Amino acid sequence: MNIISQVTDSAPKYIIYDFGILTSRIHEWLSSMMNTTWTSVVEMVLIGVVFLSFYALVGLILVYAERKVCAFIQCRLGPMRVGPWGIFQTIADFIKLLMKELLITRNADKFLFNVAPFIVIIASFLAIGTIPFAKGIQALDFNVGVLYLMSVSSLGVLGILLAGWASNNKYSLIGAMRSGAQIVSYELSVGLALMVVVIFAGSMQFSEIVQSQATGWWIWKGHIPVIIAFVIFMIASTAETNRGPFDLAEAESELTAGFHTEYSGIKFAFFFLAEYMNMFIIASIAATVFFGGWMPLHFGNFAAFNHAMDYIPPFVWFFSKTMFVIFLMMWFKWTFPRLRIDQLLTLEWKYLLPINLVNVVLAAFIVLMGWYLI
Amino acid sequence: MIEAITGIKDSEQEYFINMGPQHPSTHGVLRLVVNLEGEIVKSLVPHCGYIHRGIEKMCEKDTYQQVIHLTDRLDYLSAHINNEAVCLLVENALEVEVSDRIKYIRTIMAELNRIASHQLWWAAFGMDMGALTTFFYGLRDREYILNIFEQTTGGRLLQSYNRPGGLMNDIHPDFVKKIKEFIVHFRKKLPEYDELLTGNVIFHNRTRNIGTLTRENAINYGVTGPSGRASNFACDVRKKYPYSAYDKVDFKEILFTEGDSLARYQVRVAEMWESMKILEQLVDGIPEGPFMMKMKPVIKLPVGEYYQRVEAARGEFGVYVISTGEKNPYRVKFRSPGLANLSTLNHLSPNVKIADLVAIMGSLDLVIPDIDR
Amino acid sequence: MTGIVEYIKDVFGALKSLWTGMKVTGYYFVHPKEIVTEQYPENRETLKMFDRFKGELTMPHNEKNEHKCTSCGICEMNCPNGSIEVISKFETIDGKKKKMLDTYIYHLEMCTFCDLCVKTCPSSAIEFAQTFEHAVWDRSELTKKLNKQDSVCSKDIKE
């Protein structure tokens, strides 16, 4: 039964909020009523429902947040009409998208055209399971969590490629090709940047990476190599989610809307939602790996300070860190011009990858010498 | 397989895309038929005429006063400057000497219009490059100028402020004060433009050495205005053939030698600084005098051919009129800078990427109604 | 070696230029007073157009239902695209046959707001109003009759 994590380590005294107790109670209660198979089935369904609703909620909030952030950056107010400060705007948009007609271009590959948005959304849904929201709240806690996340999050590009190909639109095809080239190269940098922290933490399991930051976040403890890794991770993962200055697959001023030119209604909404969910996943991974995830702010051995910080619930820590990273990504996006496709590949192969390789060696050396900052 | 069906070899197949008439970065209804090889543009054919309204023909039925409202609608971003060309032509043909006040106000208005046009261009160019925020900053600053226009002329985009022999209204009492406020505001905001785009490494890489136009080609194609001056072609009509009050002000003709998209960008940003200098020199010393000279209600030009050129925001704008002595012109031809600038696109585009094509088009600053007329 | 130095300089120069741009946008994000949005339908009361704003052509009438138009037709002649139609009638006042305004038709849908009619009117009978909400459901509503019912020219009364 490893669907619900049961990290039963010696429970250091600074962890106040342990949701593992709650989940194991539910588990015990369910097992007292039915046999093991049914228990796991019911648990899977429960987790699925919780994550689906969470998924939709986060999507709605992020779309609203993005619109407000970009509005403030651009000296505007953003949505103001639906509800106070326009907070129901995304719900109104969602209803509008639901009611729109679903169009398919003539000679489009109908099956692939319809299946592409689902691939994109399933890929992001698979990735969300590994994220530790708080102690004990994590659907999948693999010992190779980082590896799993890497492999799953790169599935999304398949959907984009299929969408571009099946649309039977020349602009879409160019967008899909760009996206393919982009993801193949930037996967490397994302992986290597995460590898730096894996070297420091000594584990690929997300719960253990979080635990290893109980005495200080890696961005502080691991100093230079982790900061470099963070910058590279931000650049590469923004590129991987087709956002910000790397939105070449969409490139509205060049390719009108790139791979989703021909999509309308709810199928377009799927692409849209998946983009924001990918942003959330990337941000939460960055928060988990570099900023300690749900772990409160701890400084070495200042017991009183650390204890005071523990009273802030882990959800608050996790989401505030994630929101900070998301804001950073939005800030990029609304500031920079878009790169050209060859410059994008140059950036990866000539700059990010060499720096990353040197960085991994540097990290290994620092771990070897034990030069942590505490 | 396609080879078996059509008999065309794979290597000979061509990938055409239609950029426009509805495309976000053609800024209107220009249609480019682009022949692609992957991302790379092999050749390109611009198709004009989607917004052809026959303005030159319409001018033939109008009196000289009425032509003004049509020249507004050629290059709507430098409407005032186009109007000035027609007015100068009529005044020169009738040998009317307008008062200094008219000359000063016309020059101030033209420079304001030039700044407004460059602001919009900067905003849209940033957007073409993918930096959407620039669009709002550019338009925000342009609003100040539009308010000045609206207060004095009653129109924001199309002012119809000039008339043969003078101006429609006298300037608003707040005119001078507002321009001074604008200069103070814009001197603070213009460095932000540089911080956002000019110094940005992504922007630099996107525009440097893209669409390089040599001086010879610039002259051969008749490229004028900022695009020509970026190729070191000194073509500023304000310097070469001063009109209105341009002989009374001191300003620099911005020249760059590179001729690429970045140089065209830098010329325009530098021109905004120069225009502000011109404004500062003129705005305090607007002389007293009539804002409209005594003209006959029905203007009839003497028989003959007339040509008048002015420096519009995009280059040399010329009006050519044949008069048979009637109250309306026999034939009107506008020399619009946009068409000449567009004609270089064929020369600049081969072997660039699609993204570069957008950058080149943006840096040439095309206004489609100006091209199609 | 110089190559590596150049390379590192490139990287840091690039990062610095990106940071300069982000400072600008970041400044606006934390300074909400720089927001320039006008919330249009809400600010109807305070929204005032400039005096010279050309909204639509009107013919002012005084309280005695008099206008100044003598039906001379100069505005119609000067209008570049036929937005104005002046229909006059002949009436006999004190034994004299006089040209009087019957209907003054203004096509808002064709008007280009060039201001020639107002500027050339010899008796200042027409002027531009500062209204700007011209949207209607039917195009025919844009064709307007400017003189009011049973109105007369103030000059005719005096004589």
Side-chain angles (χ1 to χ4, degrees), chain B residues 58-59 61-63 65-70 72-73 83 126 131-134 136-137 139-141 143-144 146-161 163 166-172 174 189 191-205 292 297-298, chain C residues 9-29 31 34-38 47-57 72-84 110-122 127-132:
Chain B
M58 280 157 80
C59 290
K61 72 149 183 54
D62 283 349
T63 63
Q65 286 102 329
Q66 290 173 346
V67 165
I68 298 300
H69 93 291
L70 289 172
D72 263 347
R73 285 157 176 81
N83 293 347
L132 292 153
T133 303
T134 61
F136 293 91
Y137 292 172
L139 287 193
R140 174 197 64 193
D141 299 332
E143 197 70 8
Y144 281 78
L146 294 190
N147 279 336
I148 296 171
F149 282 159
E150 189 182 356
Q151 200 177 28
T152 290
T153 71
R156 291 167 71 80
L157 186 68
L158 311 171
Q159 299 98 11
S160 299
Y161 186 51
R163 347 169 28 181
L167 306 161
M168 278 284 179
N169 307 301
D170 203 357
I171 52 172
H172 194 272
D174 284 350
K189 295 294 178 190
E192 273 179 12
Y193 289 24
D194 288 339
E195 284 164 29
L196 260 179
L197 277 189
T198 317
N200 193 297
V201 62
I202 303 172
F203 180 78
H204 252 244
N205 287 332
M292 182 71 201
V298 177
Chain C
K9 260 188 194 165
D10 267 11
V11 171
F12 278 96
L15 284 176
K16 192 174 162 251
S17 79
L18 296 180
W19 174 242
T20 0
M22 283 175 73
K23 265 199 303 200
V24 175
T25 45
Y27 171 81
Y28 285 111
F29 182 76
H31 285 78
E34 299 268 359
I35 287 175
V36 290
T37 308
E38 283 185 33
L47 189 66
K48 205 179 159 295
M49 290 290 125
F50 291 111
D51 296 339
R52 293 178 186 173
F53 176 72
K54 291 174 271 192
E56 67 174 314
L57 195 64
C72 64
I74 288 177
C75 50
E76 188 180 352
M77 220 165 63
N78 270 300
C79 183
N81 43 10
S83 313
I84 297 171
M110 297 204 305
C111 182
T112 56
F113 308 102
C114 64
D115 217 10
L116 280 174
C117 50
V118 177
K119 285 283 171 292
T120 51
C121 180
E127 62 184 35
F128 272 109
Q130 278 76 48
T131 53
F132 54 91

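Please read these numbers as outputs of a predicted model, since none were measured by experiment. Just so it is clear: chains get the letters A, B, ... in the order the sequence lines come, proteins before strands, and each one is counted from 1.
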| Derivation and outcome, side chain to side chain contact (heavy atoms under 4.5 Å, CB included), residues B:R156 and B:F149 | CA-CA 6 Å; B:R156 291 167 71 80; B:F149 282 159; 5.7 Å; no

| query | So which of B:E195, B:M58, B:Q151 has the biggest tally of heavy-atom pairs under 4.5 Å with chain C? | reply | B:Q151

| Residue pair C:Y28 / B:E192, side-chain donor-acceptor N/O under 3.5 Å | yes

| field | Structural part of C:K54 lying under 4.5 Å from a heavy atom of chain B | value | both

| Checking B:Q159 against chain C: side chain, backbone, both or neither under 4.5 Å from a heavy atom? | backbone

| B:N147 portion near chain C, given a 4.5 angstrom heavy-atom threshold | both

| field | C:T112: side-chain contact (heavy atoms from CB on, under 4.5 Å) partners, not counting sequence neighbours | value | B:H69, B:R73, C:N81, C:C114

| Between B:T63 and chain C, which part of the residue has a heavy atom less than 4.5 Å away: side chain, backbone, both or neither? | neither

| request: Would you please say whether a donor-acceptor pair under 3.5 Å links the side chains of B:D72 and B:S160? | output: yes

| message | Taking side chain as everything from C-beta outward and backbone as N, CA, C, O, which of these in B:D62 sits under 4.5 Å from a heavy atom of chain C? Side chain, backbone, both or neither. | response | side chain

| message | Side chains of B:Y161 and B:I171, heavy atoms from C-beta outward: is any pair under 4.5 Å? | response | yes

| Contact origin within B:Y137 toward chain C - heavy atom pairs under 4.5 Å | side chain

| Crowded around C:E38 CD? As in, over 12 foreign heavy atoms under 6.0 Å? | no

